[in-house]
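No experiment lies behind these values; they were computed from the predicted model shown.
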Amino acid sequence: QGGNGTDLGISDGGNGNNISNSTKYVDLPFIFTFYGQDYDEISVNANGWIAFGHSNMESFRNYQLPGAGGPSPMIAAFWDDLKTNSSSKVLKYVTEDYVVIEWLNMKTNQYNDTETFQVILYNSMTPTGDDEIKIQYQEFNNTTNGDYTQYTPYHGCYSTVGIENHLSTIGLQYTFDNNYPVAASPLQDESAIFITTRNTTVLNPGDVNQDDVINVLDIVMVINHILVVEELDSLGQFVADMDSNETINILDVIMMINLILDS
């Protein structure tokens, strides 16, 4: 939401210091199903993670997923030792269809690099009954490499990005210690990860009806969505949002038309 939303009043001094305000709680306007479990509340932490349900953990040291470290269940959007300054905020934007949590101008404790990213929880339905998640990054600086030469190592391992279930036994790890699966694209500015249990498919921007062709039928679906004639599901909204600004409007239609004309 680009800095819009309600400030949760989260603050964190980094390295486990001054963390009394580092976790806040958000009531969800819908039931969110995650690994088969239903939740109506999330715990949001300064260190780039969300725990489903009510968690009192303050975890600033990141670990691999799935695993015993940190809260469970969790979404690790950019789990790292982060801290706040006067320009840092953690915001919520709540609607009946989705909830956005944004970490704005957070700082890495080690090198003071800036991180801005979001988690979007969709009120959707997949074949497994689980809801869908998007993690997106405006400014991504994965630099916390730590220092393991001293007697008490300074924590590093870069950031953790992924999800895990309530038992810490099942999860998906996109990156840890700056390592990625062979088939994964390294994260950078303007990257996004969409997490769903729908059938695996290639998501082509503009292919709203997922027929592997971008044409007038896709444009009609988007226009109907804009006119509130027919709502798109969360996957359709994801590929219809051509400029990735969380709003589907005539600019997205124009970009789709240009894409068709250029093909």
Side-chain angles (χ1 to χ4, degrees), residues 3 5-28 34 39-94 99-119 121 135 137-148 150-164 166 168 171 173 175-178:
T6 302
D7 188 351
L8 292 175
I10 284 177
S11 61
D12 193 309
N15 199 29
N17 298 311
N18 300 317
I19 58 175
S20 60
N21 287 316
S22 66
T23 300
K24 299 289 184 178
Y25 307 98
V26 176
D27 292 326
L28 301 177
F34 184 72
Y39 303 95
D40 61 6
E41 180 187 31
I42 55 175
S43 304
V44 181
N45 187 266
N47 294 298
W49 54 260
I50 289 173
F52 288 98
H54 199 90
S55 174
N56 294 319
M57 298 189 72
E58 311 284 0
S59 302
F60 63 95
R61 292 186 177 92
N62 58 298
Y63 299 94
Q64 291 180 283
L65 296 178
S72 301
M74 80 179 302
I75 300 172
F78 190 95
W79 184 14
D80 197 2
D81 186 7
L82 302 179
K83 60 186 178 183
T84 56
N85 63 16
S86 59
S87 65
S88 306
K89 294 180 181 179
V90 182
L91 305 158
K92 68 174 180 179
Y93 185 83
V94 178
V99 171
V100 182
I101 304 297
E102 178 174 359
W103 289 259
L104 176 66
N105 296 328
M106 304 297 289
K107 299 293 182 177
T108 55
N109 185 65
Q110 186 178 18
Y111 294 125
N112 210 42
D113 287 317
T114 301
E115 318 291 344
T116 295
F117 53 95
Q118 295 178 337
V119 168
L121 306 177
I135 307 172
Y137 304 89
Q138 182 183 69
E139 194 162 0
F140 181 87
N141 294 297
N142 197 19
T143 57
T144 305
N145 56 2
D147 181 0
Y148 302 98
Q150 52 189 318
Y151 179 75
T152 303
Y154 186 80
H155 53 90
C157 295
Y158 295 84
S159 65
T160 301
V161 176
I163 59 175
E164 72 174 14
H166 59 293
S168 306
Q173 180 175 282
T175 185
F176 170 76
D177 201 16
N178 208 27

K.L.:
State, yes or no, whether a side-chain contact exists between T144 and D113 at a heavy-atom distance under 4.5 Å.
P.N.:
no

K.L.:
If we count only N and O atoms by modelled type, under 3.5 Å, do the side chains of T143 and N141 hold a donor and an acceptor together?
P.N.:
no

K.L.:
Tell me whether E164 contacts the main-chain N or O of G67 through its side chain, where contact means a donor paired with an acceptor under 3.5 Å.
P.N.:
yes

K.L.:
Heavy atoms only: give me the nearest Q118-E102 pair and the separation to one decimal.
P.N.:
NE2-OE1, 3.2 Å

K.L.:
Ignoring hydrogens and angles, state whether a donor on the side chain of T84 or D12 is under 3.5 Å from an acceptor on the partner side chain.
P.N.:
no

K.L.:
Can you give me the closest heavy-atom contact between A77 and W103, atom names plus distance?
P.N.:
CB-CZ3, 4.4 Å

K.L.:
Check whether any side-chain heavy atom of V161 lies under 4.5 Å from a side-chain heavy atom of L65, and answer yes or no.
P.N.:
no

K.L.:
Testing N47, D177, D80 for side chain to side chain contact (heavy atoms under 4.5 Å, CB included) with N62, which one passes?
P.N.:
D80

K.L.:
Do you know which of F140, F176, Y158 makes ring pair (Phe, Tyr, Trp, His ring centres under 6.0 Å) with F78?
P.N.:
F140

K.L.:
Below 4.5 Å, heavy atoms only, C-beta onward: do D81 and N15 meet side chain to side chain?
P.N.:
yes

K.L.:
Name the orientation class of the two ring planes belonging to F117 and Y137 (parallel below 30°, tilted from 30 to 60°, perpendicular beyond 60°).
P.N.:
tilted

K.L.:
Dump the intermediate steps for side-chain contact (heavy atoms from CB on, under 4.5 Å) on L28 and E41, then the final yes or no.
P.N.:
CA-CA 5 Å; L28 301 177; E41 180 187 31; 5.8 Å; no

K.L.:
When you measure from the side chain of T116 to the backbone N and O of L104, does any donor-acceptor pair fall under 3.5 Å?
P.N.:
no

K.L.:
Ignoring hydrogens and angles, state whether a donor on the side chain of T114 or K107 is under 3.5 Å from an acceptor on the partner side chain.
P.N.:
yes

K.L.:
Could you walk me through whether N145 and Q110 pass the side-chain contact (heavy atoms from CB on, under 4.5 Å) check?
P.N.:
CA-CA 8 Å; N145 56 2; Q110 186 178 18; 3.2 Å; yes

K.L.:
Could you verify whether a donor N or O on one side chain and an acceptor N or O on the other, from S22 and E58, lie under 3.5 Å apart?
P.N.:
yes

K.L.:
With no hydrogens and no angle check, do the side chains of S55 and S43 hold a donor and an acceptor under 3.5 Å apart?
P.N.:
no

K.L.:
Just so I know, are the side chains of F34 and P73 near enough to count as touching, which here means a heavy-atom distance under 4.5 Å?
P.N.:
yes

K.L.:
Taking W49 for the side chain and F60 for the main chain, is one N or O donor matched with an acceptor at less than 3.5 Å?
P.N.:
no

K.L.:
Using distance alone, with no hydrogens and no angle criterion, decide if T23 and N45 have a side-chain donor and acceptor under 3.5 Å apart.
P.N.:
yes

K.L.:
Identify, with sequence neighbours excluded, every residue that meets side-chain contact (heavy atoms from CB on, under 4.5 Å) alongside I10.
P.N.:
L8, K24, V44, A46, V90

K.L.:
Kindly state whether the ring of F52 and the ring of H166 have centres lying under 6.0 angstrom apart.
P.N.:
no

K.L.:
Using only atom types and a distance under 3.5 Å, with no angle test, would you say the side chain of T108 pairs donor to acceptor with the backbone of N112?
P.N.:
yes

